[in-house]
Amino acid sequence: MTITTLATLAADLDSGKRSSVEITQDYLNRIKHSDHNAFISVNEELALTQAKSADEKRANGDSSPLLGVPVAQKDIFCIDGTQTTCGSKILENFVAPYTATVVGNMQSQGVISMGKTNMDEFAMGSSNETSYFGGVNNPWRSTAKGYENKNLVPGGSSGGSAAAVSALLAPAATGTDTGGSIRQPAAFCNLTGIKPSYGRCSRYGMIAFASSLDQAGPMTHTAEDAALLLNTMVGFDAKDSTSLNVPAEDFTASLNDSLEGLRIGLPKEFFGEGLDSEMATIIETAVKQFESLGATIKEVSLPNSHLALPSYYVIAPAEASSNLSRFDGVRYGFRAEEYSDLDDMYTKTRSEGFGDEVKRRIMIGAYALSSGYYDAYYSQAQKLRRLISNDFTCAFTECDVIMGPTTPSPAFEAGSRSDDPVSMYLNDIYTIPANLAGLPAGSIPAGFTSNGLPTGLHLITPYLQEAKMLNIAHKFQQTTDWHTRVAPTAIGGSQ
Amino acid sequence: MALDNETVQTIARLARIKIDQSDVDKTRASLENILDLVAQMEAVDTSGIEPMTHPFDATMRLRADEVSESDQRDRFQAIAPSTERGLYLVPKVID
């Protein structure tokens, strides 16, 4: 079994070797045979209709690069006429009346949506275990004695998307990243996951968690695929007030540029206490690899990075408590069956509709924003956010890219951390700073632990330098084969 | 950071979330844990630092005051829990 990239599928479609209907049907069959719980819903009929239409368009001369390629969409994106749950009971029966701009952009390029992937409820989680629709099985397994048959988490919140691509149920998927929700599951499942600069991808139709941090991005096997998919996702959107109006660029254009003279910065704060020692060795080895490509490595410092987690756990819950106030049982979604008055209806609807982690974060946010606490919490967190952002500005005067581990440890056993929210939050300690600063960041496969678990190399580049990051990732993947390894419980794949 | 159970219930009421009496201690403990994490912020002197609300410090874009959306009330109300004659129904507020 080998991985199949978007680039390969696009070439097969272009040469006429396979049709979109054949490819899509193949993936739909694999999804049927999977027990990863990676999908919340699959729309076979719609996918095949789109595939048929893509084949017709291609026959009529349309040559959009990903025309007819099927992907999976995180169930946070609204698609007109399709169930969109955000992993929550409160939206279990919600059928979106409009389509997210990111999905609309992909559709206009002929990309096919096969279904909606599982996720932590409202994207709040790092293990996919807060989903109302159940956890997701990581396609990777530990080979350590006694762990061979144990299920590991795929990471989160885009855990279903990560598992779907890693298990070869879809060649690529979309994710969203508020504090690491693309990069951490990509690291846990041996994928390439890119969080673009804040504002690159429209947030319209992407169910909001923390509006000043949320950003959509691609989850793929390779950097080349990430560039191809990102090309179809981005673009200015008047419907998102924070959408960036920047010239369109082709993220594949500079993939093969030389890395001669590239300056890599390693922040000492990303290699300190809390990092698994085997992980540290793997990441250092991966970074060394870039020297043979002409790069130089130097230590840099992000002195305020220890404040990222505390400030994030004010800013994200505060924005979430505001955003999630719209779930009141009036206009859409679940409404409690019995209530005595309007206030009771709101309260019962929300208490029965939200899971524990979502309630917890809403309450933290409500507290941080409540009268008398705003300055001590929200305002202070936003000031720290500026210090964290300034650290990056300063570091990027000395280097072109910052590297480190994506996560402090590899994928962990299901159920092992769900009782302690703060220990779960520590998963995102290296990924959160880039969200706070709005910088593009990504995770690429960096090698395996002695127990056979994937690890992720984390890349952060200056504003709008996604193309540079993808170039760096692509060159690394030209000299390594970690990204081509197939997970033990993957289904199908090219024989 | 210590909270009392009364404060937990006040926060829950603000958030329109009901905490059963039997769960208050557990909820209080987990909120305290998170607030302990957050408390690391207090040690930093941020006087003179401008709060950062947007990564690019962009301001809200304005658009021309023109109608840009069509009426889709029927479509949007089709997914509402309870409507009548184009209105959303909720329990009676005034007797």
Fill in the blank from the handout: Max heavy-atom pairs within cutoff under 4.5 Å with chain A, candidates Arg16(B), Arg13(B), Glu42(B), goes to Arg16(B)

Problem - Toward chain A, the part of Tyr88(B) with a non-hydrogen atom under 4.5 Å - result: side chain

Problem - From Leu309(A) atom CG to Leu37(B) atom CG, the distance as rounded to the nearest 0.5 Å - result: 4.5 Å

Completion exercise
Most contact-rich option vs chain A, by heavy-atom pairs under 4.5 angstrom, among Gln77(B), Lys92(B), Glu50(B), is Glu50(B)

Handout entry: Salt bridge flag under 4.0 Å for residues Asp80(A) and Arg75(B)
Key = yes

Exercise for the section: State whether the side chain of Thr46(B) and the backbone N or O of Lys383(A) hold a donor-acceptor pair below 3.5 Å, judged by distance alone. Expected result: no

Handout entry: Atom pair OH/CD1 of Tyr367(A) and Ile34(B) - distance to nearest 0.5 Å
Key = 12.5 Å

Handout entry: Side-chain heavy atoms of Ile49(B) within contact of Asn390(A), under 4.5 Å
Key = no

Exercise for the section: Look up atom CG in Asp45(B) and atom CD in Gln380(A), then write down how far apart they are to the nearest 0.5 Å. Expected result: 8.5 Å

Problem - Rounded distance (nearest 0.5 Å) linking atom OH of Tyr313(A) with atom CG of Asp36(B) - result: 15.0 Å

Problem - Top contributor to chain A interface from Ala15(B), Ala12(B), Pro51(B) [non-hydrogen pairs under 4.5 Å] - result: Pro51(B)

Practice task
May I ask you to name which of Val330(A), Leu307(A), Leu384(A) has the most heavy-atom pairs under 4.5 Å with chain B?
Solution key: Val330(A)

Fill in the blank from the handout: Turns out that what part of Ala381(A) lies under 4.5 Å from chain B's heavy atoms comes down to both

Practice task
Kindly compute the distance separating CE (Met41(B)) from OG (Ser379(A)), expressed to the nearest 0.5 Å.
Solution key: 9.5 Å

Handout entry: Pairwise side-chain contact, Ile19(B) with Met363(A), heavy-atom cut-off 4.5 Å (strictly under)
Key = yes

Handout entry: Region of Glu32(B) in contact with chain A, defined by heavy-atom distances below 4.5 Å
Key = neither

Fill in the blank from the handout: With chain B, the option among Ile364(A), Val314(A), Asp420(A) that has the most non-hydrogen atom pairs under 4.5 Å is Ile364(A)

Fill in the blank from the handout: Here the gap from His54(B) atom NE2 to Leu213(A) atom CG, rounded to the nearest 0.5 Å, amounts to 11.0 Å

Practice task
Give, as side chain, backbone, both or neither, the part of Val93(B) having an atom under 4.5 angstrom from any heavy atom of chain A.
Solution key: side chain

Handout entry: Minimal non-hydrogen separation, Arg331(A) against Pro81(B), with atom names
Key = C-CD, 3.9 Å

Practice task
Would you mind reporting whether Met52(B) and Ser389(A) have side-chain heavy atoms less than 4.5 Å apart?
Solution key: yes

Practice task
Among the options Asn33(B), Leu62(B), Leu31(B), pick out the one with the most heavy-atom pairs lying under 4.5 Å from chain A.
Solution key: Leu31(B)

Practice task
Answer whether the closest heavy-atom distance between the side chains of Leu35(B) and Tyr377(A) falls below 4.5 Å.
Solution key: yes

Problem - Arg61(B) side chain to Asp240(A) backbone, donor-acceptor under 3.5 Å - result: yes

Practice task
Evaluate whether atom OH of Tyr374(A) has more than 12 neighbouring non-hydrogen atoms of other residues, nucleotides or ligands under 6.0 angstrom away.
Solution key: yes

Practice task
Heavy-atom distances under 4.5 Å only: say whether Phe94(A) touches chain B with side chain, backbone, both or neither.
Solution key: side chain

